[in-house]
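Only heavy atoms go into these numbers, but all of them, side chains included; no hydrogens, no water, no symmetry mates. Counting starts at 1 for both ligands and their atoms, in listed order. None of the values given here were measured: they were computed from a predicted structure.
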Amino acid sequence: MNPAPETRLAIVTGASRGIGYAVATELGRRGYRLALLARRKPPLEEAAQRLASSGAVVDTYPCDVQDAAQVRATFKQILDRAGRVDVLVNNAGVGTFAPVHQISDADWDSTLNTNLRGVFYCSKAVIPRMIEQRLGHIINISSLAGKNPLPGGSAYCASKWGLMGLTYSMAEDLREYGIRVSVVCPGSVQTEFTPHRGKDAARMLQPTDVARVVGWLLEQEPQSFVSEVLLRPTQKP
Ligand code: NAP
């Protein structure tokens, strides 16, 4: 049996701004209690205050998803406090864009470690509890760059193509426990993420477009799950 809406917990990484903040807003509106992560505490707390002022129940956890020990300690705190976890949205992500021969080792590592390794760490931290519950939804925010090559996108595309493989395989590992693992691949979204040089901001997707898809994914009946959504703007930015 599904728990009452007010007891359901959603964890959103990278929730201090952009898509993660919009997702947290959508899930708060749907009655989920929220556990929000990002590295920097002040913007995360400001975001939480805005969400709380519109009625959401929010806790904040400054955490770098690249760091296994930090993720383990943070998720233990979250699960001890809430006693359950219903939704994990792996949204935290960074982008490094340059021709492959100009990408530094440090930028390669931070891109792969945030966008791919971080998802592995955060997912591993909730899966045992979701298996006990026989219920849960993990939603990974990838990108159309996880399906298509981009000039200058080698590190970013490698991280997001890797994330597609991780998502599909996790879905196979976990479906028998009633856990859905889905991936959302948006095109360009108007956030602070990258300069989006040469693109028309008015034609881009908005963070709320991605948040709405995340909300829809959570509305499915227990016997079905949408495993992948490719989200495109109607007009090319
Ligand atoms: P954004 O505006 O730059 O926000 C990124 C969020 O992630 C911030 O809250 C940031 O806070 C947090 N973050 C970054 N590194 C982190 C880390 N190591 N540990 C924990 N939190 C971290 O980006 P966005 O546009 O909303 O993008 C969100 C996701 O959507 C990313 O995975 C991105 O790849 C994907 N996406 C974006 C677009 C686009 O065009 N914007 C398109 C497709 C997919 P701190 O800096 O304080 O940690």
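For R81 and Y61, the positive end is not near the middle of the six-membered ring at less than 6.0 Å and at most 45° from its axis.
Taking both residues in full, the closest heavy atoms of P207 and G18 are given as CB-O, 3.8 Å, listed atom of the first, atom of the second, then distance. What you find for V58 and A52 is that their closest heavy atoms are CG2-N, 4.1 Å. Of all the heavy atoms in M170 and V181, the pair that sits closest is CE-CG1, 3.9 Å. The nearest pair of heavy atoms linking G93 to F193 is O-CE1, 3.7 Å. Across every non-hydrogen atom of R180 and E221, the tightest pair is NH2-O, 2.5 Å. Of all heavy-atom pairs between S16 and A38, the closest is OG-CB, 3.7 Å.
By the 4.0 Å heavy-atom criterion, G187 is counted among the residues contacting ligand 1. For K160, the heavy-atom gap to ligand 1 drops under 4.0 angstrom. The shortest heavy-atom distance from Y156 to ligand 1 is under 4.0 Å. For the ligand labelled ligand 1, residue C185 lies outside the 4.0 Å heavy-atom shell. Residue contacts with ligand 1: P207 is excluded, as none of its non-hydrogen atoms falls under 4.0 Å. For the pair I141 and ligand 1, a heavy-atom separation below 4.0 Å is found. Ligand 1 lies within reach of N91, whose nearest heavy atom is under 4.0 Å from it.
The contact set between ligand 1 and C63, taken as ligand atoms under 4.0 Å from a residue heavy atom, comprises 19 (N), 20 (C). Against a heavy-atom cut-off of under 4.0 Å, S142 is close to the following atoms of ligand 1: 35 (C), 36 (N), 43 (C), 44 (C). Within ligand 1, the atoms closer than 4.0 Å to a non-hydrogen atom of Q66 are 18 (N), numbered from 1 in the order shown. Each of the atoms 40 (O) of ligand 1 lies under 4.0 Å from some heavy atom of S188. Residue contact check: D64 has heavy atoms under 4.0 Å from atoms 17 (C), 18 (N), 19 (N) of ligand 1. The distance from ligand 1 to the heavy atoms of A15 drops below 4.0 Å at these ligand atoms: 9 (O). In the vicinity of S16, heavy-atom distances shorter than 4.0 Å reach the ligand 1 atoms 8 (C), 9 (O), 11 (O). Atoms of ligand 1 lying under 4.0 Å from any heavy atom of G18, numbered from 1 in the order shown and given with element: 2 (O), 26 (O).
Proximity annotation for atom 37 (C) of ligand 1: of V119, I19, T13, I19 comes nearest, heavy atoms only.
Remark: side-chain polar atoms of Q133 are paired, donor with acceptor, to backbone N or O of V85 under 3.5 angstrom.
Nearest protein heavy-atom contact of atom 43 (C) of ligand 1 is P186 O, 3.3 Å. Looking only at protein heavy atoms, the nearest one to atom 3 (O) of ligand 1 is R17 NH2, 3.1 Å. The protein non-hydrogen atom at the shortest distance from atom 22 (C) of ligand 1 is A92 CB, 3.7 Å. Atom 7 (O) of ligand 1 has its closest protein heavy atom at G14 CA, 3.2 Å. In this structure, the protein non-hydrogen atom closest to atom 24 (P) of ligand 1 is T191 OG1, 3.6 Å. Protein heavy atom closest to atom 46 (O) of ligand 1, with residue, atom name and distance, is R39 NH2, 2.9 Å.
Side-chain contact of T96 with D107: a donor-acceptor pair under 3.5 Å is absent, judged by distance alone. In this structure, a donor-acceptor pair under 3.5 Å is absent between the side chains of S143 and K160. For the 3.5 Å distance criterion, the side chains of Y121 and Q70 fail to qualify, holding no donor opposite an acceptor.
Atom CG of N90 is separated from atom OG1 of T114 by 12.0 Å, given to the nearest 0.5 angstrom. To the nearest 0.5 angstrom, L9 atom CG is 7.0 Å from I78 atom CD1.
With a 4.0 Å cut-off on non-hydrogen atoms, V94 touches ligand 1 through its side chain and not its backbone. Contact annotation: for A145 versus ligand 1, there are no heavy atoms closer than 4.0 Å.
Looking at ligand 1, you'll find an N or O of V65 within less than 3.5 Å of one of its N or O atoms. Some N or O of V189 is nearer than 3.5 Å to an N or O of ligand 1, by distance alone.
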Can you check side-chain contact (heavy atoms from CB on, under 4.5 Å) on D109 and Q66, steps first, answer last? CA-CA 10 Å; D109 285 348; Q66 301 176 83; over 6 Å; no
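The only member of I19, T13, L27, I11 that meets side-chain contact (heavy atoms from CB on, under 4.5 Å) when paired with V89 is L27.
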